[in-house]
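On a predicted model such as this, the values are computed, not experimentally measured, just so you know. Here is the naming used below: chain letters follow the sequence lines, and residue numbers restart at 1 for every chain.
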Amino acid sequence: MLRALADCNNFFASCERALNPALQGVPIVVLSNNDGCVVARSAEAKALGIPMGAPFFQVRRLCETHGVHVASSNFEVYGDFSNRVMETLAEHARDIEVYSIDEAFMGFPDLTDEQALALGHSIRNDVLARTGITVSIGLAPTQVLCKLANELSKKDPKTSGVYLMPTDRTKRRELLSTIPVDSLWGVGKGTASRLRAYGVVTVADLAEIEPERIRSFAGVVGERLALEVRGVACHGIVEESSPRQSILSSRSFGSPVTDRGDLTEALAHHAFRASEKLRQDGLVAGTIVAFARTNRHREDQEQRNAEAVIHLDPPTHDGRRMAAAITQAMDAMWIPGFQWKRAGVYLADLSSSVVTQPVLPGLGPAEPVQRRKLMEVMDALNAELGKDAVRLASTGLERTWKPKAERLTKLTNKDATADEAKPEGDSRVKRTRIRFHE
DNA sequence: TCTGGGGTCCTAGGACCC
DNA sequence: TCTGGGGTCCTAGGACCC
């Protein structure tokens, strides 16, 4: 089977540009939540030497000097662009796995080299025409090689954004012997140094070593990598969405929080947000972990992680119950005298909310009907009127703890209609896990 | 002054059982 | 002094990704 990885170029920056055509040719930088770090850069911004992940305050002057357009991240908008890109990709592929907000693996029947390249270019052109987003396409027999091919297509302008991993063995080995093993997908610092210690320096080295030998010093992860770079697929294209195993909602505070009431509000807010995600996926949670952290970058201050683990019996997706449980847990969790920088709620022990067990006499249903209804109504209103249109009083009115987002792109009416044009319902794309990233 | 927010998978080691 | 041998399940933490 032939596979492909389509990956949007400078995705968040490209979305900002698609929203505002006046930004053509202007360097663009998109900031993480709380306007903290650089998480996306247009080609022009990269050329200025603005590094990925840089704290914004370190590159602010550079941006001002060169007239860089700086935007706070707007995930709702990027999510809409993502949907349109993925729907377009799905029309071209036999199978598709949406791997993250800006990339997807696709599966095709076997094709000749010429056909594969032609297909890649037609997909790329179609996505650009329909969404304004440029994608790069890497074609290869396995996902790890697709990833590599994708990087090569980005590096070499001669490829025009589409690169096919050489099918000829000798040519492929020649290529792989020029690529360091630590640039592979799945090889981080730890694995790279272990591999080097055993003389595996290039991707070709990895492709030639016995997979069983690899296993002895790099585990099953190493073994799978070795097989994938040999052209033996270990990862399938996953069309079925696998149920998710955890949910996290957390944010940094715009300024440090020292008040117990503020922290409680923020945690109640995260509990409710996390419960929304639960309900969306038809899940209930058996465990909540509420946590707060001090600023790890402040070496002059004592550090603290405050945490409360709450077991929910029976498991629930009721945001009110969760918020109330957290408010109670604050007695145990609250430590006065610290400047809290970040807080959040983590949900675990997830299971389907569909009740499979018969209700025992005298115990009643797992979740009272009115509560379920209340959540349904809140979700419906928020879907209609916008996020947070209705919320729990315990999550606060003033919300002085809110993160910063001082450079949000204002949406025009035109964008709103584009949003309405979004196809609904039986789209062929099954969203698997969408991870908002970078 | 200012430094993000999600996820998954694997492994090692302890608890526990027979 | 010497003091089984497996197996499973769970959890914490590391590694990695976007």
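- A heavy atom closer than 4.0 Å to some atom of DNA chain C occurs in A:Leu184, A:Trp185, A:Gly186, A:Val187, A:Gly188, A:Lys189, A:Gly190, A:Thr191, these being the qualifying members of residues 179-202 of chain A.
- In this view, A:Phe105 and A:Tyr99, A:Trp185 satisfy the ring pair (Phe, Tyr, Trp, His ring centres under 6.0 Å) rule, not counting sequence neighbours.
- Applying the salt bridge (Lys or Arg N to Asp or Glu O under 4.0 Å) criterion to A:Arg298, with sequence neighbours excluded, gives A:Asp300.
- Counting non-hydrogen atoms under 4.0 angstrom, A:Ser73 reaches nothing in the nucleic acid.
- Judged as a side-chain hydrogen bond (donor to acceptor under 3.5 Å, both in side chains), the pairs with a partner in residues 189-209 of chain A (not counting sequence neighbours) are, in order, A:Arg173-A:Glu208, A:Thr202-A:Asp205.
- Sorted by first then second residue, the side-chain hydrogen bond (donor to acceptor under 3.5 Å, both in side chains) pairs that include residues 379-395 of chain A, not counting sequence neighbours, are A:Arg279-A:Asp379, A:Asp388-A:Arg399, A:Thr395-A:Arg399.
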*Let me have DNA chain B in dot-bracket notation, would you? Count Watson-Crick plus G-U wobble pairs, both distances under 3.5 Å, and use [ ] for pairs crossing earlier ones and | for inter-strand partners.*
....||||||||||||||
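- Of all the residues in residues 338-349 of chain A, A:Lys341, A:Arg342 reach under 4.0 Å from DNA chain B with at least one non-hydrogen atom.
- Take A:Ser246 and apply the side chain to side chain contact (heavy atoms under 4.5 Å, CB included) test, not counting sequence neighbours, and it matches A:Tyr346.
- Non-hydrogen atoms lying under 4.0 Å from DNA chain B are contributed by nothing in residues 253-270 of chain A.
- For DNA chain B, the residues of residues 291-312 of chain A within the heavy-atom distance limit of 4.0 Å (strictly under) are A:Arg296, A:His297, A:Arg298, sorted by number.
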Output a table of donor-acceptor pairs, distance under 3.5 Å, between side-chain atoms of residues 132-149 of chain A and any protein atom two or more places apart or on a different chain; print 'none' if there are none.
from, atom 1, to, atom 2, distance (Å)
A:Ser136, OG, A:Asn9, OD1, 2.8
A:Ser136, OG, A:Asn9, ND2, 3.4
A:Thr142, OG1, A:Leu145, N, 3.3
A:Thr142, OG1, A:Glu228, O, 2.9
A:Thr142, OG1, A:Glu228, OE1, 3.4
A:Gln143, NE2, A:Gly236, O, 3.3
A:Lys147, NZ, A:Glu103, OE1, 2.7

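- With sequence neighbours excluded, the residues that form a ring pair (Phe, Tyr, Trp, His ring centres under 6.0 Å) with A:Trp401 are A:His269.
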